[in-house]
Undergrad: 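For reference, the structure I am asking about is given below.
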Amino acid sequence: MNPRCLDRYKNWASWLGSFMTLAKPIPVMLKGAQQRQLGSILIARFMRHLHQLFLVVDAIGLVGFTVIGGNEWLVSGTKF
C-alpha cells in the first residue's frame, strides 16, 4: 500500500467503517457461541474414541481436495 494512502487511515475506526457494528455484543451470536463451547466440551470427552474417525474423515477430505484441484487445473489448460 502506498504510504501516502495510509494518512486517511490514522483513525482505525474510520478504516473499519461499517464493520464497527460487529464489535457490539449481539445476544443471538453470544448464545450461539456459548452453545458451540458447550458442544466442544461434550465432544472433548469422546475425542479419544473419535480419533480414528477424525483421521479417516481428514484423509478423505485431503484426497477430495486434491482430486478437485487437479481436475480444475486440467480443465483450465495451464501448462506445468
Side-chain angles (χ1 to χ4, degrees):
M1 190 176 235
N2 188 348
R4 287 178 285 166
C5 293
L6 295 176
D7 290 338
R8 62 183 156 167
Y9 297 124
K10 286 181 181 176
N11 181 4
W12 64 273
S14 67
W15 180 72
L16 288 174
S18 62
F19 294 109
M20 287 302 292
T21 57
L22 295 176
K24 298 176 186 175
I26 301 171
V28 174
M29 295 179 77
L30 291 175
K31 186 174 182 179
Q34 290 172 345
Q35 290 172 345
R36 287 187 295 275
Q37 290 169 354
L38 291 174
S40 297
I41 292 169
L42 294 174
I43 290 173
R45 302 181 118 210
F46 300 105
M47 275 308 291
R48 186 172 296 161
H49 306 291
L50 297 174
H51 181 72
Q52 190 71 26
L53 176 66
F54 174 76
L55 288 176
V56 170
V57 171
D58 187 39
I60 292 170
L62 288 171
V63 169
F65 184 77
T66 303
V67 168
I68 292 170
N71 187 37
E72 290 295 320
W73 175 68
L74 288 173
V75 169
S76 71
T78 306
K79 303 286 185 192
F80 182 62

Undergrad: Using the test side chain to side chain contact (heavy atoms under 4.5 Å, CB included), find all partners of Ile43 that sit at least two apart in sequence or belong to another chain.
TA: Met47, Leu50

Undergrad: Restricting to side-chain hydrogen bond (donor to acceptor under 3.5 Å, both in side chains), what partner residues turn up for Ser40, sequence neighbours left out?
TA: none

Undergrad: Under 4.5 Å between side-chain heavy atoms, hopping through other hydrophobics if needed: is there a path connecting Val57 to Phe46?
TA: yes

Undergrad: Can you tell me how far apart CD1 (Ile68) and CG (Asn71) are? Round to the nearest 0.5 Å.
TA: 8.5 Å

Undergrad: Can you confirm whether Val56 sits close enough to Ile60 that some side-chain heavy atom of one is under 4.5 Å from a side-chain heavy atom of the other?
TA: yes

Undergrad: Locate the shortest heavy-atom distance separating Leu62 from Thr66; write the atom from each residue and the value.
TA: O-OG1, 2.8 Å

